[in-house]
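Because only heavy atoms are used, hydrogens play no part in the values below, and waters and symmetry mates are left out as well, while side chains stay in.
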Amino acid sequence: MILPFGILLATIALAPLFFAGWWHQHYSKVAYALGAVTLMYYFAGLNAYGRVGQVALEYVSFIVLIGSLFVVSGGIHIQVKGEATPLANVLFLLIGAVSANLFGTTGASMLLIRPWLRMNKYRITAHHVVFFIFIVSNVGGCLTPIGDPPLFLGYLQGIPFWWVAEHCWPMWCAGLGMLLAMFYAVDYGNYLRAPKAVRSRLAEPHDVWRFEGLSNLFFLAVILVAVFIHRPLFLREFLMAGAAAGSYFTTRPSIHAANHFNLEPIREVAVLFVGIFATMIPALDWLKANAGSLGDPTPGFFFWSSGTLSSVLDNAPTYLSFLNAIFGAFINADVVGQVQHLAQTAGADLATLTGPHAEQVKNTFAALQKYHPADLLSKRVSEDQIRICFLLGNLAYNKYILAVSVGSVFFGANTYIGNGPNFLVKAIADQQKVHTPTFLGFLFRYTLPGMVPMLLVVWWIFFRG
């Protein structure tokens with residue numbers, strides 16, 4: 001039953017290239033029909049109503065998040081200043097990468113894509129959109145759990161909030177530095193091709209940066225706070241939808257007009273991802289069942305495996321599947337049991353602990369004391385927390401968490417469907433008549449010569465051993 005997913009991916013890749021008019025009229029029918037095939041199999045063949053319900057909840061959470069961020073960011077108008085030189089563009093992308101860790105890759109993308117398109121309007125080309133997706137919508141958000149959904153799921157599993165930034169910053173610097181250098185080289189050539197007279201005439205005014213609709217920052221803050229709310233069910237989504245409604249009805253029409261704002265881009269994304277979420281259920285289920293036996297469990301294996309699948313599957317459940325594969329590959333049940341005993345006895349037997357796993361048990365318990373002291377004191381330590389602290393406390397296994405984290409985030413930039421904001425950025429650019437590459441054009445013209453060399457360097461430096 002993975003076939004409908006493959007057909008949908010192939011259609012998204014090829015139909016705009018060969019049947020653009022037909023695809024624009026009928027993409028919703030294709031997405032719904034292929035999704036229905038998979039759902040009928042799960043309903044009638046497997047009676048897996050719970051599994052479909054789980055995916056439906058994930059879809060609702062996904063679309064409400066990116067939809068609310070789309071609406072709120074559409075109410076903030078950033079008037080850029082002066083000419084977009086290659087150096088100014090690099091600085092803008094760097095700021096966007098840092099912002100992705102504060103507002104999430106989706107929030108930063110929705111907030112900055114419109115001013116990015118405006119400041120480069122006189123020489124805008126596909127590379128401006130693609131490198132924005134690479135840097136702001138994906139790689140930039142690798143430092144905090146807010147940055148990208150896989151890291152947030154890791155945080156919920158027990159990985160400390162700042163542990164990611166503390167350990168991922170070398171990979172972030174290396175990957176981001178390479179992408180910014182590539183962009184500068186490409187953009188400099190594009191800049192030189194634009195006649196000076198044209199640049200002077202069409203550049204933004206040389207006065208000051210101007211910001212309108214800043215009241216929407218309040219609604220943006222509501223959405224970011226709501227991300228951390230998990231009970232009761234749908235309270236998070238209710239707050240996000242309420243923030244979006246509040247923003248939409250309180251924003252001046254002139255600001256929406258200046259941003260060329262309408263709901264068509266988010267409608268397109270919502271429809272296509274109905275099909276993607278439905279058809280990818282069998283692929284994710286297969287991955288969950290087989291992740292522990294996919295090959296030699298080295299850090300490099302987890303980097304490339306989690307990353308490659310994150311390029312075409314939702315990177316959040318892919319991350320969780322490979323995190324569970326790490327648990328199964330390296331964590332002994334006896335270690336978990338001994339740590340649970342220590343947690344219930346406040347470490348009373350720690351000094352006299354012996355056996356083949358004694359050192360690992362002590363290191364795991366020390367990590368619990370460091371990262372989860374309140375849960376340890378109240379004797380409410382979960383098995384997931386113990387497993388995570390095994391990987392954190394025993395330094396030889398740190399690199400496995402890093403490999404899955406970096407792989408899931410970085411590889412999400414490889415295709416339009418690798419991460420939620422990618423397709424939304426494309427839709428906004430298309431709406432503003434900016435040329436964007438097709439699915440295959442994105443892959444062959446930009447991912448292979450741009451992202452892949454960067455990923456190879458990151459693997460060679462950090463995960464090869």
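- Atom CG of Leu323 sits about 6.5 Å away from atom CD1 of Ile401, to the nearest 0.5 Å.
- Defined by atom type and a distance below 3.5 Å, a donor-acceptor pair is present between the side-chain atoms of Ser109 and Ser137.
- Taken to the nearest 0.5 Å, the CG atom of Leu9 stands 4.0 Å off from the CD1 atom of Ile417.
- Put simply, the side chain of Lys399 never gets that close to the backbone of Pro299: no donor and acceptor are under 3.5 Å apart.
- His357 and Asp334 get closest at one heavy-atom pair: CD2-CB, 4.5 Å.
- Using a 4.5 Å cut-off on side-chain heavy atoms (C-beta onward), Phe152 and Thr144 make no contact.
- Put simply, the side chain of Leu111 does not reach to within 4.5 Å of the side chain of Ser99, judged on heavy atoms.
- Using bins of under 30°, 30° to 60° and over 60° for the plane-to-plane angle, the ring pair Phe183/Trp116 lands in the tilted bin.
- Using bins of under 30°, 30° to 60° and over 60° for the plane-to-plane angle, the ring pair Phe277/Phe62 lands in the tilted bin.
- Nearest heavy atom pair, residue Thr318 against residue Ser306, reads CG2-O, 3.7 Å.
- The two atoms that bring Gly96 and Leu112 nearest to each other are CA-CD1, 3.6 Å, heavy atoms only.
- Using modelled atom types, one side-chain atom of Arg118 and one backbone atom of Ile78 make a donor-acceptor pair closer than 3.5 Å.
- Aromatic ring orientation, Tyr400 versus Phe330: tilted (interplanar angle from 30° to 60°).
- Under the 3.5 Å distance criterion, the side-chain polar atoms of Trp459 are left unmatched by any main-chain donor or acceptor of Phe303.
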Run the ring pair (Phe, Tyr, Trp, His ring centres under 6.0 Å) test on Trp163 and Tyr155 for me, step by step, so that the C-alpha distance in whole Å, both residues' side-chain angles and the decisive distance to 0.1 Å come before the verdict.
CA-CA 9 Å; Trp163 189 92; Tyr155 169 72; over 10 Å; no
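- No donor-acceptor contact under 3.5 angstrom links the side chains of Asp148 and Asn138, judged on distance only.
- Nearest heavy-atom pair across Gly141 and Thr105 is CA-CG2, 3.9 Å.
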Could you walk me through whether Phe322 and Leu309 pass side chain to side chain contact (heavy atoms under 4.5 Å, CB included), step by step?
CA-CA 10 Å; Phe322 279 96; Leu309 290 174; 3.9 Å; yes
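- Within a 6.0 Å sphere centred on OH of Tyr188, heavy atoms belonging to other residues, nucleotides or ligands number 12 at most.
- Thr308 places no side-chain N or O within donor-acceptor distance of the main-chain N or O of Ser305, the cut-off being under 3.5 Å.
- Side chains of Pro437 and Val130 form a contact here, defined as non-hydrogen atoms less than 4.5 Å apart.
- At least one donor-acceptor pair under 3.5 Å links the side chain of Gln385 to the backbone N or O of Ser382.
- At least one donor-acceptor pair closer than 3.5 Å links the side chain of Asn101 to the backbone N or O of Gly140.
- The only member of Asp187, Asn190, Asn120 that meets side-chain hydrogen bond (donor to acceptor under 3.5 Å, both in side chains) when paired with His127 is Asp187.
- Counting only heavy atoms from C-beta outward, the side chains of Glu268 and Leu424 never approach each other to under 4.5 Å.
- Atom CG of residue Leu391 and atom CG of residue Asn363 lie 12.0 Å apart, to the nearest 0.5 angstrom.
- You'll find the side chain of Leu69 reaches within 4.5 Å of the side chain of Leu220, heavy atoms only.
- A donor-acceptor distance shorter than 3.5 angstrom exists from the side chain of Ser73 to the backbone of Phe70, with no hydrogens or angles considered.
- Atom CD of Gln340 sits about 10.5 Å away from atom CG of Leu368, to the nearest 0.5 Å.
- Between the side chain of Asn259 and the backbone N or O of Gly74 there is at least one donor-acceptor pair closer than 3.5 Å.
- The neighbour count for Phe238 CZ, taken as heavy atoms of other residues, nucleotides or ligands under 6.0 Å away, does not exceed 12.
- Within a 6.0 Å sphere centred on OH of Tyr184, heavy atoms belonging to other residues, nucleotides or ligands number more than 12.
- For the atom pair OG1 of Thr85 and OH of Tyr191, the computed distance is 6.0 Å after rounding to the nearest 0.5 Å.
- Minimum interatomic distance between Tyr319 and Ser408 (heavy atoms only, all atoms of both residues): CB-OG, 3.6 Å.
- Taking 4.5 Å as the limit, some side-chain heavy atom of Trp460 sits within range of a side-chain heavy atom of Arg464.
- Contact check for Gln360 versus Tyr397: side-chain heavy atoms found under the 4.5 Å cut-off.
- Under the 4.5 Å side-chain criterion, counting only non-hydrogen atoms from C-beta, Phe463 is in contact with Met171.
- Contact between Val64 and Glu237 at its shortest, heavy atoms only, is CG1-O, 3.6 Å.
- At distances below 3.5 Å, not a single donor-acceptor pair connects side-chain atoms of Asp375 with backbone N or O atoms of Arg380.
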Atom pairs and distances, side-chain donor-acceptor, residues 438-458, under 3.5 Å, sequence neighbours left out:
| residue | atom | partner | partner atom | Å |
| --- | --- | --- | --- | --- |
| Thr438 | OG1 | Gly441 | N | 3.0 |
| Thr447 | OG1 | Asn414 | O | 2.7 |
| Thr447 | OG1 | Phe442 | O | 3.4 |

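- Annotation: salt bridge (Lys or Arg N to Asp or Glu O under 4.0 Å) contacts of Arg51 (sequence neighbours excluded): Asp285.
- The 12-atom threshold is not exceeded at CZ of Phe218, counting heavy atoms of other residues, nucleotides or ligands nearer than 6.0 Å.
- In this structure, Thr436 contributes its side chain and Asp430 its backbone to no donor-acceptor pair below 3.5 Å.
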